[in-house]
Visitor: 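This is the structure I want to talk about, given as structure tokens.
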Amino acid sequence: MTTRTLALAALLVVVSSMAPGCARNEPPAVAKPGSVIRIAHPGVTPFVRQVVLDPDRLDADSALDAGRHIEELLAFLEVAPGQQLGEIGAGGGYTTELVARAVGERGRIFAENNRSVLERFAAKPWGERLQRRAMRNVVRVDREFDDPFPPEARDLDAVYVVLFYHDTVWMGADRDRMNRGVWNALRPGGFYFVIDHAARPGSGAADAQTLHRIDEAFVIAEVERAGFKLHASGDFLRNPDDKRDWSASPSAAGERRGTSDRFALQFVKPARNFSPGSGS
């Protein structure tokens, strides 16, 4: 997290981080204290507001902005002109287009969808999205989650996955391999952002398909097993009134869409020369 962004954050406190577990489908059983920056509200700059308020955006996209807290999300992702980024689970491209507008013509986004996502729902909207002028700096990546980026995607500034990590679970992806692929695509000191619908603590991946939610501690354990360190977490998507017992899938949530309790995590690839752990 940059000094500039930290200065704009409304609240910074130190919280505990969960230590990684060993089993891939069980919630971690132990925890150890560590220094993790907690951000109540990322500082939204005039630049970010300009990106979101661009009149060229689709009305259907703008209608989703409030529920997505999109200005704060872009601030949390620290998007800036010229960045080289990767995205896992681009779907129809709502987030992709906003990030593409922010990184500008000097930037680049390797935006991944796997075959199942394209066949189920994304082929048409994703193909149409890519024809938009704002998407000229986006590289379409049709690859499986296990190996999400092509060889040319290297030394990226950041990789993000928004409301999609849980889908990689029920789709059967090898997340250890996926997260190592993210590690390999990032430059030293690069960031890995995971934003998703929160499941009940201790539930692991049990609700990934039925409720489209995942346990935050479970995600932290999996990502840290690849060598990443949890650096910051954001509270701007939290909803303490959400009982986490209903499906957060867009097709099932109905009027509750955009009200789920969500976590936002920023991991860092340490800027020192060592390889990711083996997973145990």
Side-chain angles (χ1 to χ4, degrees), residues 1-17 34-57 61-87 94-109 134 137 156-165 186-187 189-198 216 219-220 223 228-240 242 258-271:
M1 185 73 70
T2 63
T3 301
R4 175 180 61 84
T5 303
L6 294 182
L8 291 170
L11 176 65
L12 301 177
V13 295
V14 176
V15 298
S16 296
S17 65
S35 297
V36 178
I37 298 168
R38 184 172 177 179
I39 303 172
H41 298 287
V44 176
T45 64
F47 168 73
V48 166
R49 290 197 176 95
Q50 182 180 8
V51 169
V52 174
L53 295 176
D54 193 318
D56 183 53
R57 292 185 62 215
D61 284 353
S62 297
L64 298 176
D65 291 349
R68 291 291 191 97
H69 296 258
I70 194 58
E71 291 186 354
E72 290 179 296
L73 176 62
L74 293 177
F76 185 74
L77 296 178
E78 298 187 36
V79 292
Q83 287 181 327
Q84 308 295 303
L85 305 175
E87 179 179 22
Y94 165 84
T95 303
T96 317
E97 182 174 330
L98 282 161
V99 175
R101 291 174 180 275
V103 301
E105 294 185 0
R106 294 184 295 108
R108 197 179 193 190
I109 305 172
N137 56 2
L156 302 181
D157 296 302
V159 171
Y160 59 92
V161 51
V162 178
L163 306 182
F164 226 94
Y165 196 98
L186 286 170
R187 62 171 173 78
F191 294 121
Y192 184 18
F193 297 92
V194 181
I195 292 89
D196 217 327
H197 305 285
E216 178 180 359
V219 173
I220 293 172
V223 175
F228 292 98
K229 300 300 179 184
L230 181 61
H231 183 65
S233 66
D235 291 339
F236 60 98
L237 294 170
R238 289 297 190 185
N239 179 7
D242 177 16
T259 68
S260 64
D261 182 50
R262 284 156 283 175
F263 56 82
L265 305 172
Q266 182 198 50
F267 300 89
V268 64
K269 176 180 178 178

Visitor: Rounded to the nearest 0.5 Å, how far apart are OH of Y165 and NE2 of H197?
Guide: 15.5 Å
Visitor: Taking atom NE2 of H69 and atom CG of L64, what is their separation to the nearest 0.5 Å?
Guide: 12.5 Å
Visitor: Please check if the side chain of D242 supplies one atom and the backbone of D261 the other of a donor-acceptor pair under 3.5 Å.
Guide: yes
Visitor: Out of curiosity, T259 OG1 to L237 CG, how far, rounded to the nearest 0.5 Å?
Guide: 12.0 Å
Visitor: Side-chain contact test, heavy atoms from C-beta onward, threshold under 4.5 Å: evaluate it for R262 versus L163 and give yes or no.
Guide: yes
Visitor: Can you tell me how far apart CD (Q266) and CG (L230) are? Round to the nearest 0.5 Å.
Guide: 8.5 Å
Visitor: Can you tell if the side chain of E87 reaches within under 4.5 Å of the side chain of V161, non-hydrogen atoms only?
Guide: no
Visitor: Measuring only between side-chain heavy atoms, which start at C-beta, is F228 closer than 4.5 Å to K269?
Guide: yes
Visitor: Which heavy atom of G104 sits nearest a heavy atom of N137, and at what distance?
Guide: O-ND2, 2.6 Å
Visitor: Do I220 and L265 come close enough that some side-chain heavy atom pair is under 4.5 Å?
Guide: yes
Visitor: Is there side-chain contact between R238 and F263, with at least one heavy-atom pair below 4.5 Å?
Guide: yes
Visitor: Taking all non-hydrogen atoms of both residues, which atom of V99 and which atom of L74 are closest, and how far apart?
Guide: CG2-CD2, 4.0 Å
Visitor: Using the rule given for side-chain hydrogen bond (donor to acceptor under 3.5 Å, both in side chains), can you reason through Q83 versus E78, listing the C-alpha separation, both sets of side-chain angles and the distance that settles it, and then say yes or no?
Guide: CA-CA 10 Å; Q83 287 181 327; E78 298 187 36; over 6 Å; no
Visitor: How close do A75 and P42 get, heavy atom to heavy atom, and via which atoms?
Guide: CB-CB, 3.7 Å
Visitor: Is there a side-chain contact between R68 and Y94 (heavy atoms, below 4.5 Å)?
Guide: yes
Visitor: Do F47 and P81 make a side-chain contact, defined as non-hydrogen atoms from C-beta onward lying under 4.5 Å apart?
Guide: yes
Visitor: For a quick test of reading the model, state the closest non-hydrogen atom pair linking R108 to Q84 and the distance between them.
Guide: CB-OE1, 3.1 Å
Visitor: Roughly how far, to the nearest 0.5 Å, is CG of D65 from CG of L73?
Guide: 10.5 Å
Visitor: Among L77, T96, L156, V103, whose side-chain contact (heavy atoms from CB on, under 4.5 Å) with L85 holds?
Guide: V103
Visitor: Just do the side chain to side chain contact (heavy atoms under 4.5 Å, CB included) check on H231 and V36 with the steps written out, would you?
Guide: CA-CA 5 Å; H231 183 65; V36 178; over 6 Å; no
Visitor: Are R101 and R57 close enough that some pair of their side-chain heavy atoms sits under 4.5 Å apart?
Guide: yes
Visitor: If you round to the nearest 0.5 Å, how far is CD of E72 from NE2 of H41?
Guide: 6.0 Å
Visitor: Taking the six-membered ring where the residue is Trp, are the ring centres of F267 and F191 under 6.0 Å apart?
Guide: no
Visitor: Show, in sequence, the C-alpha distance, side-chain angles and deciding distance for V44 and F236, and conclude whether the side chain to side chain contact (heavy atoms under 4.5 Å, CB included) test is met.
Guide: CA-CA 12 Å; V44 176; F236 60 98; over 6 Å; no
